[in-house]
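As the structure is a prediction and not an experimental result, all values here were calculated from the model.
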Amino acid sequence: MLRTAAQRKSLCTDCPVARVADIVGDPCSLLIVRDLLSGEKRFSELEDSLSGISSRTLTNKLKILEQAKLISRKKLKLPVRVEYTLTKKGIALRSVINSMRNYGE
């Protein structure tokens with residue numbers, strides 16, 4: 001993942017692959033998208049599925065994906081909880097995730 005703004009600017013403005021890799025180029029982000037492809041999930045469900053990832057890291061990854069408009073966050077009042085779903089832009093990654101799954105198998 002590109003760390004500095006200068007790295008992102010130099011690579012991501014010219015290359016569509018680099019732009020996508022900057023957003024979903026780490027395993028956690030891809031696994032979040034994978035989990036949300038089956039439907040909306042609460043934070044605790046994502047946390048359970050991604051055992052080994054800290055709550056703080058998951059929170060940060062969700063914020064990044066939300067800023068990139070790949071997921072949406074919906075806060076429900078009763079009972080108080082937050083649910084995450086994929087946006088159309090996030091759903092468009094389905095074929096990428098499926099290709100990765102097929103390759104991995």
Residue among K61, K63, R56 satisfying side-chain contact (heavy atoms from CB on, under 4.5 Å) with T59: K63
Validation row: K74, V82 side chains within 4.5 angstrom (heavy atoms): no
Polar side chain donor-acceptor pair, S44 to K41, under 3.5 angstrom: no
OG on S72 to NZ on K88, rounded to 0.5 Å: 12.0 Å
Test item: E45 side-chain N/O and R42 main-chain N/O as donor-acceptor pair under 3.5 Å: yes
Flag side-chain contact, heavy atom, 4.5 Å: K69 against Q67: no
Spacing of OG1 belonging to T87 relative to CG belonging to L36, to within rounding of 0.5 Å: 10.0 Å
Straight-line distance of D26 CG to I64 CD1, nearest 0.5 Å: 7.0 Å
Sole candidate of V96, L93, I91 that passes side-chain contact (heavy atoms from CB on, under 4.5 Å) when paired with V33: L93
CD1-CG distance between I71 and L62, expressed to the nearest 0.5 angstrom: 4.5 Å
Interatomic distance, L31 atom CG to L46 atom CG [nearest 0.5 angstrom]: 10.5 Å
Check: R34 and R101 side chains under 4.5 Å, non-hydrogen atoms: yes
Approximate separation, where rounding is to 0.5 Å, of R94 CZ and S99 OG: 12.5 Å
Flag, side chain of S51 to backbone of D48, donor-acceptor distance under 3.5 Å: no
Validation row: C28, L58 side chains within 4.5 angstrom (heavy atoms): no
